[in-house]
Amino acid sequence: MDLLTKNDQRLKELHGFNRNYAETLVGYLRAHWGKDALAREDTIADLLVDMVAAQADGIASKDHFGKDPQAAADEILAELPPAPKAQWLLQLWPLFNALWVLMFVYADAIILSGETVGLDILWQQLAIPFLFIAVAPLFRGISFNQIKTKTKWRASIAVVLIIAIYAVTFLLPDTSPLTSDQLQIGLGVVVAALIVCNLGLSFWLRRLTLPWFLYWLIVGPSVRALIGATLPVALVVVLLVVFMGAVLALAIYQSKHLHFVFQAQGGKQLHVNQ
Amino acid sequence: MSKIETQMLKGTLDNAILMIIAQGETYGYALLQQLGDAGFGEITEGTVYPLLLKLQRNGWISAQRHATATGPDRKYYRITADGEAHLAEFLPQWTQLVVAMNRLIARQEG
């Protein structure tokens, strides 16, 4: 069982307000993607073990850890090592693939409906989810009971950014609609590129990229077959939803469970000061 | 026991923690209790844990996770040779400070 799963199970040992408190704290620590994930989970493990012990002694988590958990968490985070470069790839690669799946499904839906779409619309569909993911860290700290001024400022900036960039996407000049053939060729090129990238990376990060390699290898041609076949629209929609669901589950699982990188590297255990 | 001002604590708590660890291997939760018993009042883990990370980063303590007789695996902290060297430098400075403050207090009360 990996450390993240163990910590999630340990959280369940806390009850009522203790669990709410701990969940908010753990969520805040985990939202800092710039910090080494194993060091972060190791810290969370220590904090949860002690919170559970305090609970058993009748001490509330708030009294045990402190009335300003965000300030304490910030001090803890300042002491943690930065995320290694590989971790960024592990965190972002699943999202990158998932965003392209979204684009792929959207474009295929357009083709199946017989409609046309311009390149500007397609980029909009890709940019908007990317925008939400990019500004999500600015909302860190919003779930604490006492929201700090800096958190309010960051969240306000995030909202303004979302509105501004969304507005800008509508101001982009219209492009000529792409024909069905152009869309299919474009999608084919993208899928081929993703298959090659995932295959190449699988020699280094097998457990991260092999599922995506297989996904694109299976889904790409399958959807092409769907478009060529005369299947009922409802069935096609269901199949596309299933493809999307599989993607979301894979992306969420991979983004959270980084431990497998270390398992793939020979099961290196985390020892502090080694 | 009154609550000690935060700024005053900040300058001394890390060395206090180091001294407790120097007396014997310990873990986070027990450390809070040991600080309370030593007269530091109620110190929260949110205050202590960042200091433990800082002490590890400085190389003054090491941490190893191992099984306990009852309950989950815990991280135990031990002082290192560098930590002992730091304490050896710190203690005379602290003693000097205590002597100076005691003189001032005696004059104030005298």
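Proteins get letters first, then strands, A, B, ... in listed order; numbering begins at 1 in each. What you are looking at is a predicted structure, and each value in this text was computed from that prediction instead of being measured.
Residue A:Lys35 places its NZ atom among more than 12 non-hydrogen atoms of other residues, nucleotides or ligands, all under 6.0 Å distant. Enclosure of atom NZ in B:Lys54 is not indicated, since only 12 or fewer non-hydrogen atoms of other residues, nucleotides or ligands lie within 6.0 angstrom.
Per-residue counts of heavy-atom pairs under 4.5 Å with chain B were compared for A:Leu47, A:Asp63, A:Val52; the largest is that of A:Leu47. Of the residues considered (A:Ala53, A:Ala72, A:Ala45), A:Ala53 shows the highest number of contacts with chain B, using heavy-atom pairs under 4.5 Å. Between chain B and the options A:Val49, A:Asp46, A:Leu80, heavy-atom pairs under 4.5 Å are most frequent for A:Asp46.
A:Ala71 does not touch chain B: none of its heavy atoms, backbone or side chain, sits under 4.5 Å away. Proximity to chain A (any heavy atom under 4.5 Å) is shown, for B:Leu51, by neither the backbone nor the side chain. Using a 4.5 Å cut-off between heavy atoms, A:Ile59 contacts chain B through its side chain alone, with no backbone atom that close.
Taking 4.0 Å as the cut-off between side-chain N and carboxylate O, A:Asp74 and A:Lys150 count as a salt-bridged pair.
Under the rule for a side chain to side chain donor-acceptor pair (under 3.5 Å), A:Asn20 has no partner lying at least two apart in sequence or in another chain. Annotation: side chain to side chain donor-acceptor pair (under 3.5 Å) contacts of A:Ser202 (sequence neighbours excluded): none.
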